[in-house]
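Letters A, B, ... are given to chains in the order of the sequence lines, protein chains preceding strands, and every chain is numbered from 1.
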Protein chains: 2
Amino acid sequence: MRGRPTIYEDDNIIKKAQEVFWQKGYSATSLSDLQKATGAGAGSFYNTFKGGKKEVFKKAIEERRLAFDAFKIELSKSGSPLELIKDFFRSIASAEENEHLKGCIIANTIVEMTFIDENLEDNAVQILKEVEQMFTQAIKNEQIKGNLKTQTDPEILGRYLITFWCGLNTLRRMYPDKNVLKNQIEMQLAVIS
Amino acid sequence: MRGRPTIYEDDNIIKKAQEVFWQKGYSATSLSDLQKATGAGAGSFYNTFKGGKKEVFKKAIEERRLAFDAFKIELSKSGSPLELIKDFFRSIASAEENEHLKGCIIANTIVEMTFIDENLEDNAVQILKEVEQMFTQAIKNEQIKGNLKTQTDPEILGRYLITFWCGLNTLRRMYPDKNVLKNQIEMQLAVIS
DNA sequence: CTATTTATGTATCAATCATTACAAAAATAA
DNA sequence: TTATTTTTGTAATGATTGATACATAAATAG
């Protein structure tokens with residue numbers, strides 16, 4: 001391969017940029033913010049991402065989708081997928097305060113982008129719908145196996161969990177406190193048993 | 001009173017500005033947006049609000065707090081306050097699509113402002129905590145009167161409702177659909193009975 | 001009428017925005 | 001070595017940002 005060697009890897013730029021977008025959102029993050037966070041100057045930045053700020057944001061979101069996908073695969077291998085989902089919620093409580101304040105980048109994007117960018121909005125909505133689908137399927141399977149008392153439609157229960165996820169996204173900022181969140185999470189998970 | 005008469009009333013500017021902030025959030029709303037929406041030029045705008053954009057946003061949020069306060073007074077007069085709260089949630093389902101997409105301006109602000117403006121963030125958090133307190137108190141009273149089966153700590157149940165409120169803030173955008181929301185709201189309210 | 005006061009509309013401000021232009025740097029291919 | 005290719009760093013670009021300056025309009029007080 002010819003040419004000056006790359007010192008700012010695409011993946012690394014996206015990861016660093018994701019951290020800033022996650023905290024400040026799309027609109028409030030400036031190119032200057034991204035350049036400081038990634039170390040890359042305007043030259044490298046636009047050479048790597050012709051689509052500029054929006055392309056990097058899309059890829060940061062896409063990166064997050066992959067994390068959810070990885071969890072989905074983990075679920076499919078698990079003997080007790082619903083318990084894995086519940087543990088996923090439980091693990092939220094013990095996160096660092098900064099993680100509470102950051103919340104979920106996908107849920108954040110849905111709230112921020114509604115009247116700003118239809119495309120980014122729809123992308124984010126689609127991702128959470130897939131997560132919801134994952135919840136629904138796990139609940140359905142567990143009901144079929146006779147492991148759940150509740151006979152409520154799994155579609156409703158899946159939506160209950162994604163609603164909880166989105167609610168937690170704000171509750172965590174109101175109470176970035178391990179004990180408060182732990183109690184709340186246990187109470188809400190008890191609905192699905 | 002001396003001087004040229006006011007044609008852009010403070011309250012009217014705030015109401016019109018609130019609508020824009022509600023849809024686009026703080027950062028993505030420009031002064032140009034506000035001037036278009038209110039009709040007031042830069043002269044009138046800064047003459048009326050020395051604090052500029054931020055002052056108007058604060059007042060738009062304050063206006064919303066008053067709406068919650070009004071509901072609180074309505075509650076105190078009601079014979080069945082918990083039922084009033086439940087109806088408040090139920091009424092969400094039948095809102096217009098545009099209202100679903102706008103969501104709750106206070107919850108939106110909490111999500112947007114976390115790493116952007118501590119003061120605006122804290123204000124919004126405080127408001128939702130007061131709403132939560134209103135939920136908690138209504139549930140506590142109903143438990144004392146022996147009208148509720150559930151003996152779960154009213155503090156947990158109040159937090160459950162405010163978490164639901166915040167979750168609904170995103171779910172409404174995912175499914176701005178009357179039937180989906182109606183089913184979801186009924187299911188979640190059934191937990192408090 | 002005149003002086004005073006307040007609101008308005010417009011021009012302008014410096015700062016920042018996202019993006020582009022371009023020359024120098026640093027590699028490989030021939 | 002020389003030509004070619006790609007990345008990098010820096011210096012611009014024009015547009016937009018939030019905010020100010022200021023002359024004029026439009027009222028009242030005396």
Side-chain angles (χ1 to χ4, degrees), chain A residues 1-61 109 112-113 115-120, chain B residues 1-61 109 112-113 115-120:
Chain A
M1 249 275 280
R2 261 203 275 215
R4 182 171 170 171
T6 304
I7 58 173
Y8 302 108
E9 297 285 335
D10 300 23
D11 293 2
N12 200 259
I13 288 184
I14 291 171
K15 266 184 192 155
K16 296 270 183 64
Q18 188 195 51
E19 176 64 22
V20 185
F21 282 134
W22 204 324
Q23 294 200 29
K24 306 183 65 173
Y26 180 78
S27 294
T29 297
S30 68
L31 258 299
S32 161
D33 288 332
L34 295 178
Q35 283 162 12
K36 267 179 227 155
T38 61
S44 299
F45 196 87
Y46 282 93
N47 183 53
T48 312
F49 306 104
K50 317 289 180 195
K53 182 180 169 180
K54 190 170 286 185
E55 184 188 342
V56 178
F57 186 80
K58 269 185 184 165
K59 294 200 162 141
I61 294 291
T109 300
E112 182 186 0
M113 287 302 171
F115 292 92
I116 308 298
D117 189 294
E118 203 183 318
N119 187 295
L120 293 177
Chain B
M1 252 273 280
R2 263 203 274 215
R4 183 171 172 173
T6 305
I7 58 174
Y8 302 108
E9 297 286 335
D10 300 22
D11 293 3
N12 201 258
I13 288 184
I14 292 171
K15 266 185 192 154
K16 296 269 182 65
Q18 188 194 52
E19 177 65 22
V20 186
F21 282 133
W22 204 324
Q23 294 200 30
K24 306 183 65 173
Y26 180 78
S27 295
T29 297
S30 68
L31 252 90
S32 161
D33 288 332
L34 295 177
Q35 284 162 11
K36 266 179 227 156
T38 61
S44 300
F45 196 86
Y46 282 94
N47 183 53
T48 313
F49 306 102
K50 315 288 181 197
K53 182 181 170 182
K54 189 170 288 186
E55 184 188 341
V56 178
F57 186 80
K58 270 185 183 165
K59 295 201 161 139
I61 293 292
T109 301
E112 182 186 0
M113 286 303 170
F115 291 92
I116 308 299
D117 187 294
E118 202 183 318
N119 186 289
L120 293 176

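Nucleotide dT20(D) holds its C1' atom 18 Å from the CZ atom of F49(B), rounded to whole Å. The interatomic distance linking D10(A) (CG) with dT6(D) (P) rounds to 15 Å, in whole Å. The distance between atom NZ of K36(A) and atom P of dT10(D), rounded to the nearest whole Å, is 15 Å. Rounded to whole angstrom, the span from the CG atom of N47(A) across to the P atom of dT10(D) amounts to 16 Å. Rounded to an integer number of Å, the gap from CD of Q35(A) to C1' of dT16(C) is 13 Å. Per the geometry, CG belonging to L31(B) stands 17 Å off P belonging to dT16(C), to the nearest Å. Rounded to an integer number of Å, the gap from L34(B) CG to dT16(D) C1' is 15 Å. Nucleotide dT2(D) holds its P atom 16 Å from the CZ atom of R2(A), rounded to whole Å.
With respect to E55(A), the side chain to side chain donor-acceptor pair (under 3.5 Å) criterion is satisfied by exactly one of K58(A), K59(A), K53(A): K59(A).
Ranking dT6(C), dT5(C), dA19(D) by closeness to the R4(B) side chain, first place goes to dT6(C). For P5(A), counting side-chain heavy atoms from C-beta on, the closest listed nucleotide (dA27(C), dA26(D), dT20(D)) is dA27(C). Considering only side-chain atoms of I7(B), the nucleotide from dT28(D), dA19(D), dG9(C) that sits closest is dG9(C). Nearest nucleotide to the side chain of T6(A), out of dA18(C), dA19(D), dT7(D): dT7(D).
Using a 4.5 Å heavy-atom cutoff, the side chains of Y26(B) and D117(B) are not in contact. Counting heavy atoms from C-beta outward, I116(B) and M113(B) have side chains that approach closer than 4.5 Å.
Position along DNA chain C of the nearest nucleotide to A28(A) versus K50(A) favours A28(A) as the more 5'-ward residue. Between K53(B) and G43(B), it is K53(B) whose nearest contact on DNA chain D lies nearer the 5' terminus. Judged by closest nucleotide on DNA chain D, D33(B) is the one of D33(B) and G3(B) placed further toward the 5' end.
For the residue pair S30(A) / D33(A), a side-chain donor-acceptor distance below 3.5 Å is found, with atom types taken as modelled.
Residue T29(A) is classed as a sugar-phosphate contact, given heavy-atom separations below 4.0 Å to backbone atoms only. Contact annotation for A40(A): no contact, since no heavy-atom pair falls under 4.0 Å across all strands.
Judged by distance alone, with hydrogens and angles left aside, the side-chain atoms of Y8(B) form no donor-acceptor pair with the main-chain N or O of T38(B) at under 3.5 Å.
Between Y8(A) and dG9(D), a side-chain N or O to OP1/OP2 separation shorter than 4.0 Å is present. Note on S44(A): every side-chain N or O is 4.0 Å or more away from OP1 and OP2 of dT7(D). Taking only side-chain nitrogens and oxygens, Y46(B) comes nearer than 4.0 Å to OP1 or OP2 of dA19(D).
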